[in-house]
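Below, chain A is the first sequence line, B the second, and so on; all start at residue 1. Note that the structure is predicted; figures quoted are calculated from it, not measured.
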Amino acid sequence: MSENIRYEDTFLYRIRHSLAHIMAQAVLEFYPDTKYTIGPPVENGFYYDFDLPQPISQEDLEKIEKRMRQIVAGQHPFIKKVISAEEARQIFQNQPYKIELIEGLEKGGFDEYGNPLDTKPEISIYQHDTFVDLCRGPHVENTKQINPSAFKLMSIAGAYWRGDEKNKMLTRIYGTAWEKPDDLKHYLQMLEEAKKRDHRKLGKELEIFTFDDEVGPGLPLWLPNGGILIEELEKLAKEMEERAGYQRVRTPHLTKEDLFLRSGHLPYYAESMYPPMELEEGVKYYIKPMNCPMHHKIFGARPRSYRELPLRLAEYGTCYRYEKSGELFGLMRVRSMQMNDAHIYCSEEQFEQEFMGVVELYKKYFDLFGIQKYVMRLSLHSKAGLGKKYVDNERLWLKTEDMVRRAMLNGGVPFVEAEDEAAFYGPKIDVQIWSAIGREFTLATNQVDFAVPARFDLKFVNKDGQEETPLCIHRAPLSTHERMIGFLIEHYGGAFPVWLSPEQVRVIPITDAQNEYAANLAAQLRARGIRVSADLGSERMNAKIRAAQMFKVPYMLVVGANEAAAGTVSLRMRDGAQLNNIPLAEFEARITDRITRRASEL
RNA sequence: GCCGACGUAGCUCAAUCGGCAGAGCACCCGCCUUGUAAGCGGGCGGUUACGGGUUCGAUUCCCGUCGUCGGCUCCA
């Protein structure tokens, strides 16, 4: 099958779309006073949003699903009819959400899902059995084309009408649907596998981080193993940034209100900030949600010459953001975070090279980690958000957006564009990734700031002796420690490459007669800077191997009487491979090689 | 923040209709001396998230708070 077929044109799309209608029919039969809204196919399935007269529970899904199978078995044709707005209003006179949609269609500019549209669409309905929906299709021709054993209702969730939190909260029912029962089975198995990779589960099992109710939601406590991951990532970042000409700075976690008033964070970003502290009358302090204002102050601390540009200031700064309670998600979305932050101050002529330099840095990191599934997204402003979400200067928005777009095209880097996703101070390239359970996150980011340097009155003197305002690039190729490590835990399924592994080697004596030999081996490796432990407990060797295996330690050195006598080790690797009776020096050479190259192989 | 579900030992989970709170793993102590994913025995461990209510009696029913989970909104 060609990969170029749009989802909308696939048979699976029709199946899912049709099942959404069938589910709506079943729900309406059980709860006749239900107002129904929209029900599109989505990745892996479909949903339908209802305004129900009463709450429903997981158990109710079973009866709905059962009724859906009956409807499918009824072999009902799906019949399309193009009608006038007037007829549509007649048919859906008791369905206020449909009336709203019809008005949108009539005016043009929106499709039946409320998405913006260039052309004025025709109004059509689809009917099967007793159910009629406002819909442009496409659908299956007949419900007999749907396999009754290849779909399943998954969950109930809340969702705002038209995705706007000011609107009413509706009840959304999610279902998954496939062409064949085996596809469904496969998908459900994949979900189970994904749960095993979930960083919240692995992070606990591998003792990487924990949360505590008394510390507070979204405030992770890094355990010693997490501390090691952080140290290794910082070492990596510092090496890469030093080579790329960055300088390291450090700034406080707190600043006076004045700084965030100047930066514009307070008007634009206030709802994500912790409330102010006021010790002296009239002097408010905020805990920082971003590092940029302080870096701007460092740039502005003395006059700057064009000869200094690009000036690249880097800091693994800790920031605090008051994320709404429901938005928290393990390590991936937290309230305290340490950012792989840097700000690059450059002239307009230098912009493209600097911006692409950052994109190159992303790519190096992504190669190193073997991250392949990601999308680079050019995040743009929206006209409607100007002066609210976004700095009110449309000319500069369009100009910088075009600069970024040109840079990406010139660099041959594939990207998608997304309106209304920009930072308040400028457009950005976000790298989108997915958590194990399929939630989308921005990992790395590379942002242009055309607004804030001027607010800070930042200047440099150009070749002609004239003052110019620099552009600022905000970038975080390694995201925050929290999100990056959360992602890496899932990406590797907890089996980190040797250089990142909190415990790189575990020495396992076969009987306690080898305890001393094992302890000596560990001491020798430790002296080489290798993270090693010797398991000298009273368990049997097999139990110790199992424990090391479940802790995903990359190398196990199993030593018995033979090894102790010969001064060798028996190497068992995490993947089950074995190298018996090798000299310690040989193992040392192997592990040192893997660590210094930050190699992915064992 | 909003809709819904859930909260029992460090972890994973039991406990019938409202009737003395239990298991495995982990941990500690013994015994066994073992060749590549769990040897055996014993012990410790609980204000059933927190606060209130109903009841002779609440892990169980009701209310509130906190937290977690599935989504929505929002985001590094």
Test of ring centre spacing under 6.0 Å for [X] and [Y]:
X: A:Phe487; Y: A:His199; result: no
X: A:Trp397; Y: A:Phe450; result: yes
X: A:Tyr425; Y: A:Tyr390; result: no
X: A:Phe441; Y: A:Trp434; result: no

Query raised in the report: Think A:Lys63 forms a cation-pi with A:Phe30, using NZ or CZ under 6.0 Å from the six-ring centre and within 45 degrees of its axis?
Result: yes

Base, sugar-phosphate or nothing for [X]? Non-hydrogen atoms, less than 4.0 Å.
X: A:Leu443; value: sugar-phosphate
X: A:Ala159; value: sugar-phosphate
X: A:Asp430; value: nothing
X: A:Ile437; value: sugar-phosphate
X: A:Ala476; value: nothing
X: A:Gln338; value: nothing
X: A:Asn340; value: nothing
X: A:Gly163; value: sugar-phosphate
X: A:Arg172; value: sugar-phosphate
X: A:Lys195; value: nothing
X: A:Thr480; value: base
X: A:Arg439; value: sugar-phosphate
X: A:Thr442; value: sugar-phosphate
X: A:Met337; value: base

Under 3.5 Å, is there a donor-acceptor pair linking the side chains of [X] and [Y]?
X: A:Ser501; Y: A:Lys552; answer: no
X: A:Glu241; Y: A:Asn340; answer: yes
X: A:Glu271; Y: A:Tyr322; answer: no
X: A:Ser272; Y: A:Glu323; answer: no
X: A:Gln578; Y: A:Ser570; answer: no
X: A:Tyr246; Y: A:Arg475; answer: yes

Nearest-angstrom distance, [atom1] atom, [N] to [M]:
N: B:C29; M: B:C72; atom1: P; answer: 50 Å
N: B:U8; M: B:A58; atom1: C1'; answer: 14 Å
N: B:A15; M: B:C20; atom1: P; answer: 14 Å
N: B:C62; M: B:A23; atom1: P; answer: 29 Å
N: B:A5; M: B:C11; atom1: C1'; answer: 22 Å
N: B:C50; M: B:G7; atom1: P; answer: 13 Å
N: B:G18; M: B:U59; atom1: C1'; answer: 10 Å
N: B:C2; M: B:A21; atom1: P; answer: 37 Å

Query raised in the report: Should the pair A:Glu327-A:Arg333 be classified as a salt bridge under the 4.0 Å nitrogen-to-oxygen rule?
Result: yes

**Report entry** Any A:Phe46 side-chain heavy atom under 4.5 Å of A:Met23 side chain
**Finding:** yes

Report summary line: Nearest-nucleotide check on RNA chain B, A:Asp213 vs A:Tyr322; residue mapping nearer the 5' end is A:Tyr322

Query raised in the report: Which sits closer to the 5' end of RNA chain B, A:Tyr174 or A:Met169, going by the nucleotide each is nearest to?
Result: A:Met169

Requested in this report: Describe, in one word, how the ring planes of A:Tyr316 and A:His481 are oriented to each other, choosing from parallel (under 30°), tilted (30 to 60°) and perpendicular (over 60°).
Outcome: parallel

**Report entry** Those residues that, when tested against A:Tyr174, pass ring-ring contact (aromatic ring centres under 6.0 Å, His included) (two or more places apart)
**Finding:** A:Tyr47

With a cut-off of 3.5 Å and sequence neighbours excluded, list every side-chain donor-acceptor pair involving residues 379-388 of chain A.
| from | atom 1 | to | atom 2 | distance (Å) |
| --- | --- | --- | --- | --- |
| A:Ser379 | OG | A:Arg377 | NE | 3.1 |
| A:Ser379 | OG | A:Asp430 | OD2 | 2.9 |
| A:His381 | ND1 | A:Glu401 | OE1 | 3.4 |
| A:His381 | ND1 | A:Glu401 | OE2 | 2.5 |
| A:Ser382 | OG | A:Gly385 | N | 3.1 |
| A:Ser382 | OG | A:Asp420 | OD1 | 3.1 |
| A:Lys383 | NZ | A:Glu394 | OE1 | 3.3 |
| A:Lys383 | NZ | A:Glu394 | OE2 | 2.9 |
| A:Lys388 | NZ | A:Ala384 | O | 3.2 |

Query - Start and end of chain A contact along RNA chain B [non-hydrogen atoms, under 4.0 Å] - result: B:G1 to B:A76

**Report entry** Interface with RNA chain B, restricted to residues 198-206 of chain A and to heavy atoms under 4.0 Å
**Finding:** A:Arg200, A:Lys204

Requested in this report: Give, ordered by number, those residues of residues 505-515 of chain A having at least one heavy-atom distance below 4.0 Å to an atom of RNA chain B; if nothing qualifies, reply none.
Outcome: A:Ile510, A:Thr511, A:Asp512

**Report entry** Each stem that RNA chain B is part of, given as range with range (3 or more consecutive Watson-Crick or G-U pairs, under 3.5 Å)
**Finding:** B:1-7 with B:66-72, B:10-13 with B:22-25, B:27-31 with B:39-43, B:49-53 with B:61-65

